[in-house]
Amino acid sequence: MTLPIARDWYGLQSAEERIWCLTEPHVHPIFSANTFLVLGRDADLVIDAGMGIAPLRPLIDGIRPDRGKPLWLFVTHTHVDHIGAAHEFDTRLVHPLEVGGLANPEPYSLDAGDISPAFRQLFLDAGYPPLWPMLIDAVPRSGYDPAGYELRPAPATGTLEDGDTVDLGDWQAEVIHMPGHSPGQIGLWHEGSGTLFGADAIYDGPLIYDGPGMRIEDYAETFRRLRKLPVKTVYGGHDPAFGRQRFHEIIGDHLALWA
Ligand SMILES: [Zn+2]
Ligand SMILES: [Zn+2]
């Protein structure tokens, strides 16, 4: 099968002043995650690192006004769609429970035929469209061989736990441990603006809570905790941003479903 060459691999939007969102529109919706860049006074922060199909770092560096500042990668959890380009960053922060997933990522293939029937069913049941033959519908450059895709080890250089602060000098956010979708998933809560970086705990699309390493009891506890926050804006791990009303709808619907 010959796939077309994408004009741009990443989609890029300015979410708000100092926050950018990068997407991978040529990756199947199940694996098409958001990467965020938050520009700070003393350091810049990247949240998640996509599939790693095309280099991410040059695009990030192209946006940063000052490349001399430290650049930290905050890894919400170590599913394939969030860690692909992690090795391109020198500072990699993750929760202790996900350290192994960065150091020894499970091999992954872009050939959808390598996805087990159980997973296919799980994705369909969750509400995603059927998989394509490949997890991508284009290639990032001529000569790119999807069969050569591999996740590179990118061991954590530091760990973050619940209650820790990520401090960019003029922007501070609290680390929130959000188990359920993955044991060591972490998000970021920026109280000053009411902004939650919700990772794969909460986004405006089909949530995945039924697979390996997932626990509905933990997920429900995470949601009960998140809903106490005075959230105004959510930047999720997938799909577009949403506001307070949708945040409460998603949480309420799932807590009712799981009860
Ligand atoms: Zn994801
Ligand atoms: Zn995930």
Side-chain angles (χ1 to χ4, degrees), residues 9-11 21-37 46-54 56 73-86 92-102 104-110 112 115-116 118-129 131-132 135-136 149 151 154 156 160 175-188 196-216 218-223 226 234-242 250-251 254:
W9 186 257
Y10 292 102
C21 178
L22 288 76
T23 57
E24 290 188 280
H26 296 288
V27 176
H28 188 282
I30 296 169
F31 298 94
S32 182
N34 294 325
T35 289
F36 296 98
L37 170 64
V46 171
I47 301 171
D48 285 340
M51 290 287 288
I53 291 165
L56 175 63
L73 174 66
F74 178 98
V75 177
T76 62
H77 65 303
T78 53
H79 289 161
V80 55
D81 47 331
H82 300 259
I83 61 166
R92 301 177 291 264
L93 307 169
V94 73
H95 189 273
L97 291 174
E98 306 265 332
V99 159
L102 265 185
N104 301 297
E106 274 186 45
Y108 226 91
S109 158
L110 296 181
I115 293 186
S116 74
F119 264 105
R120 280 171 187 276
Q121 197 56 47
L122 187 146
F123 296 146
L124 285 172
D125 291 347
Y128 282 101
L131 286 169
W132 307 329
L135 302 188
I136 50 178
Y149 176 77
L151 282 175
L160 289 170
V175 175
I176 305 186
H177 183 209
M178 313 185 298
H181 170 82
S182 117
Q185 179 165 247
I186 45 177
L188 279 173
L196 176 70
F197 290 89
D200 281 5
I202 186 158
Y203 51 81
D204 196 2
L207 302 181
I208 304 282
Y209 45 80
D210 234 357
M214 303 182 188
R215 232 178 137 245
I216 286 174
D218 293 343
Y219 214 140
E221 195 50 44
T222 290
F223 269 181
L226 290 181
V234 180
Y235 294 121
H238 297 255
D239 301 306
F242 53 96
I250 293 168
I251 290 179
H254 284 83

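Note that the structure is a prediction, hence the values are computed from the model and not measured. Just so you know, ligand 1 is whichever comes first in the structure, and atom 1 is the first atom listed for that ligand.
Within the coordination shell of the Zn ion (ligand 2), defined by N, O or S atoms under 2.8 Å, Asp200 is present. In summary, no N, O or S atom of His82 is located under 2.8 Å from the Zn ion (ligand 2).
Note: Phe31 and Phe123 meet the aromatic proximity criterion, with ring centroids under 6.0 Å apart.
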Intermediate values then yes/no, side-chain contact (heavy atoms from CB on, under 4.5 Å), His181 and Leu207:
CA-CA 8 Å; His181 170 82; Leu207 302 181; over 6 Å; no

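Below 30°, between 30° and 60°, or above 60°: for Trp9 and His26 the angle between ring planes is between 30° and 60°, a tilted geometry.
At least one side-chain heavy atom of Leu110 sits under 4.5 Å from a side-chain heavy atom of Ile53.
Its N, O or S atom nearest to the Zn ion (ligand 2) is what matters here, and for His79 that atom is ND1. Looking only at its N/O/S atoms, Asp81 has OD2 as the one nearest to the Zn ion (ligand 1).
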